[in-house]
Colleague: 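Here it is: the structure, laid out below.
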Amino acid sequence: MEQLSYEIEINAEPEKVWSVLWSDITYRQWTTAFTEGSFYEGALEENSIVKFLDPKNNGMYSKVIKVIPNEEITFLHLGEIYEGIEVAQEWGDATEAYFLEENEEGTLLRTVINTPAEFKTFFEEKFPKAMNIVKHLSENQL
């Protein structure tokens, strides 16, 4: 398992950054860095299952293991989805966590990912782009 961490300073309050991360319209915008047309289904509540999908119903499903609105959310990735069919994976502690910390400049957004080694290159290429889109959306939308 590889642990990757990304952070970016955003000139906006944590509530705004949280909204950009998880509101349907802006989620679809910043996740284009990973896959065009990405969206999620499910409630961002502890112990609920969330499906992260592309337009062809491929993606992954995860359990929300911790959520503190406007501060932190952590997903435990459970498996992949192929054309709408869930396929469990033995990923162990494959997690993705978002931390929002208010400071004088606005918000420090930090993401920590525990990922199988085969996904490391993908995340290293895509996550910085995604974080920059979150920054742009947070700083430039009303």
Side-chain angles (χ1 to χ4, degrees), residues 1-82 84 86-142:
M1 196 69 61
E2 300 271 348
Q3 185 174 76
L4 309 173
S5 182
Y6 305 95
E7 61 182 49
I8 193 165
E9 192 67 52
I10 300 174
N11 186 16
E13 64 279 357
E15 295 80 7
K16 175 67 175 183
V17 177
W18 184 269
S19 176
V20 166
L21 285 170
W22 307 117
S23 294
D24 183 57
I25 293 171
T26 49
Y27 176 87
R28 290 172 185 261
Q29 291 174 326
W30 72 266
T31 56
T32 59
F34 302 106
T35 302
E36 194 71 37
S38 293
F39 65 99
Y40 73 88
E41 294 178 346
L44 300 179
E45 299 168 356
E46 287 183 14
N47 299 313
S48 67
I49 300 296
V50 176
K51 295 179 181 182
F52 299 96
L53 300 163
D54 70 11
K56 296 179 181 175
N57 268 344
N58 297 314
M60 63 191 323
Y61 64 101
S62 308
K63 181 177 183 178
V64 180
I65 56 175
K66 184 172 185 180
V67 62
I68 302 171
N70 305 315
E71 291 181 25
E72 175 182 349
I73 190 164
T74 303
F75 301 96
L76 174 64
H77 298 309
L78 303 174
E80 295 179 282
I81 302 172
Y82 301 100
E86 295 178 10
V87 180
Q89 299 291 329
E90 294 296 327
W91 288 331
D93 188 28
T95 56
E96 188 171 328
Y98 296 80
F99 303 93
L100 288 75
E101 183 180 315
E102 189 168 15
N103 58 35
E104 292 176 6
E105 286 75 45
T107 303
L108 176 66
L109 171 60
R110 185 168 52 94
T111 305
V112 178
I113 304 164
N114 287 324
T115 182
E118 70 240 42
F119 298 120
K120 180 179 179 181
T121 302
F122 174 82
F123 283 129
E124 286 181 336
E125 177 187 335
K126 306 291 187 179
F127 236 98
K129 293 176 185 176
M131 300 280 271
N132 279 317
I133 296 170
V134 171
K135 176 181 175 70
H136 176 78
L137 291 170
S138 297
E139 292 177 350
N140 294 298
Q141 287 195 341
L142 297 176

Colleague: Please find the pair of heavy atoms, one from V87 and one from Y82, that lie closest to each other, and give the distance.
Modeller: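 That closest heavy-atom pairing would be CG2-CD1, 3.6 Å.
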
Colleague: Closest approach of W22 and L44, non-hydrogen atoms and distance?
Modeller: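 Looks like CB-CD1, 3.5 Å.
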
Colleague: In the structure I gave you, are the side-chain heavy atoms of T32 and R28 within less than 4.5 Å of one another anywhere?
Modeller: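 A side-chain contact is absent here, since even the closest heavy-atom pair is not under 4.5 Å.
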
Colleague: Answer with yes or no whether the side chains of N58 and E80 bring together a donor and an acceptor at under 3.5 Å.
Modeller: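 Their side chains do not contain a donor-acceptor pair, so the 3.5 Å distance test is not met.
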
Colleague: List the atom of I10, the atom of S138, and the distance in Å for their closest heavy-atom pair.
Modeller: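 Reported closest heavy-atom pair: CG2-CB, 3.6 Å.
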
Colleague: Considering non-hydrogen atoms only, spot the tightest contact between P14 and E102 and give its length.
Modeller: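 Looking at all heavy atoms of both residues, the shortest contact is CG-CB, 3.7 Å.
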
Colleague: Hey, are the side chains of L21 and L100 touching, using non-hydrogen atoms and a 4.5 Å cut-off?
Modeller: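 They are in contact (side-chain heavy atoms under 4.5 Å apart), so the answer is yes.
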
Colleague: If you look only at pairs with a residue in residues 31-60, which of them pass as a salt bridge (charged side-chain N to carboxylate O under 4.0 Å, His left out), with sequence neighbours excluded?
Modeller: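 The answer is K51-E86.
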
Colleague: Can you confirm whether I49 sits close enough to L78 that some side-chain heavy atom of one is under 4.5 Å from a side-chain heavy atom of the other?
Modeller: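 I49 vs L78: side chains touch.
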
Colleague: Tell me if the centroids of the rings in Y40 and Y27 come within less than 6.0 Å of each other.
Modeller: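 Between Y27 and Y40, which both carry aromatic rings, the centre distance is below 6.0 Å.
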
Colleague: Is it true that a side-chain atom of S23 and a backbone atom of S19 form a donor plus acceptor pair closer than 3.5 Å?
Modeller: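 Pair found, side chain donor or acceptor close to backbone of S19.
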
Colleague: Could you tell me how the ring of F75 sits relative to the ring of F52: parallel (under 30°), tilted (30 to 60°) or perpendicular (over 60°)?
Modeller: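 Ring orientation of F75 relative to F52: perpendicular.
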
Colleague: How long is the gap from NZ on K16 to CD on E139, to the nearest 0.5 Å?
Modeller: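 Atom-to-atom, K16:NZ and E139:CD are 10.5 Å apart.
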
Colleague: Side chains of E9 and N103: does their closest heavy-atom pair fall under 4.5 Å?
Modeller: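 Result yes, sub-4.5 Å side-chain heavy-atom pair found.
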
Colleague: Residues two or more places apart in sequence or in another chain: which of them pass salt bridge (charged side-chain N to carboxylate O under 4.0 Å, His left out) with K66?
Modeller: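 Partners of K66 under the salt bridge (charged side-chain N to carboxylate O under 4.0 Å, His left out) test: E72.
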
Colleague: Counting only pairs under 3.5 Å, give me each side-chain donor-acceptor contact of residues 105-131, with atom names and distances, residues two or more places apart or in other chains.
Modeller:
residue, atom, partner, partner atom, Å
T107, OG1, A12, O, 2.6
N114, OD1, Q3, NE2, 3.3
N114, ND2, T95, OG1, 3.1

